[in-house]
Amino acid sequence: MKAVILAAGEGSRLRPLTEDKPKGMVEVDGRPILSHCFEELSALDADEFVVVVGYRKQDIIDYYGDEFDGIPITYAHQREQQGLAHALLTVEEYIEDDFMLMLGDNIFDANLGDVVKRQREDRADAAFLTEEVPYEEADRYGVCDTNDYGEITDVVEKPEDPPSNLVMTGFYTFTPAIFHACHLVQPSNRGEYEISEAIDLLIRSGRTIDAIRMDGWRVDVGYPEDRDRAERLLDGRSADAEPTETSAESD
């Protein structure tokens, strides 16, 4: 399964960390955010990375070249940052089958494999990793409503008055039907082509989208303090992975 990574953003809210680099190249725990993304997707058996680049794209291309850990990389150029649905359309020519989508400013330690597994079961047309956040933070994300079967029935992008505190994280799986929906999206009040609108079109056309509740954590690295939080969590994961020293007793 191919993996699409959206990494065209400037990261203006991350300044001064992005004064001389694109958002995806900001280092978290000594490595660019994109390297963390690639490692997670590699563990999910991605057979190709399709990376959407834009702002300071050459920094990313020069750093990674045409492969990461033996997995080939294809680059698509989003010339203007006009929303996630707009970014996704730049990769349409490279995708023929179900694919993974990861936002290139997220750090995960979570059950991403459950999302991929659900997609491969052919039960759903798409599957999203979702999490509950404090209500006061929900307006930063795409907010979901679900039915009793765990299927997503509505998505609202960054609402002023969130209908719930269940939000989309930065990891999804889709069939190529998402591209047709993206072509139909009209600019939002923010002037962007929102992926939430494309998702809503899929739902209204009768497609099934499953919400997979997150087991673990993720950090959307939007502000410098988010980078610091991700590093603390990664340091904690490393500490948990260290073997406990024991002393052998003689018989």
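- Considering Asp125, Ile209, Leu101 in turn, Leu101 is the only one that fulfils the side-chain contact (heavy atoms from CB on, under 4.5 Å) rule with Phe174.
- Under 3.5 Å, the side chains of Glu48 and Thr74 contain a donor-acceptor pair of N or O atoms.
- Between Phe128 and Tyr172, the two ring planes are perpendicular [angle over 60°; tilted spans 30° to 60°].
- Under 4.0 Å is where a charged nitrogen must lie from a carboxylate oxygen, and between Arg232 and Asp228 no such pair does.
- Screening Leu112, Val115, Thr173 for a side-chain contact (heavy atoms from CB on, under 4.5 Å) involving Ile212 leaves a single residue, Val115.
- Taking a cutoff of 4.0 Å between a charged side-chain nitrogen and a carboxylate oxygen, Glu194 and Lys158 do not qualify as a salt bridge.
- Other residues, nucleotides and ligands contribute over 12 non-hydrogen atoms within 6.0 Å of the CG atom of Asp62.
- Just one of Lys23, Arg15, Lys21, Arg56 meets the salt bridge (charged side-chain N to carboxylate O under 4.0 Å, His left out) condition when paired with Glu10; it is Arg15.
- No more than 12 heavy atoms of other residues, nucleotides or ligands lie within 6.0 Å of CD in Glu80, so this atom counts as exposed by the packing criterion.
- Using modelled atom types, one finds a donor on one side chain and an acceptor on the other under 3.5 Å when comparing Gln78 with His86.
- Under the 4.5 Å side-chain heavy-atom criterion for Ile, Leu, Val, Met, Phe, Trp and Tyr, Val50 and Leu89 are members of the same hydrophobic cluster.
- Side-chain atoms of His183 and Glu92 include a donor-acceptor pair closer than 3.5 Å.
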Test salt bridge (Lys or Arg N to Asp or Glu O under 4.0 Å) applied to Arg204 and Asp200, step by step
CA-CA 6 Å; Arg204 283 192 279 155; Asp200 186 57; 3.1 Å; yes

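- A donor-acceptor distance shorter than 3.5 angstrom exists from the side chain of Asn111 to the backbone of Arg213, with no hydrogens or angles considered.
- Leu103 and Leu44 are not part of a single hydrophobic cluster, where members link through side-chain heavy atoms under 4.5 Å apart.
- When the side chains of ILVMFWY residues are joined at heavy-atom separations under 4.5 Å, either directly or via intervening members, Val155 and Tyr141 end up in two distinct hydrophobic clusters.
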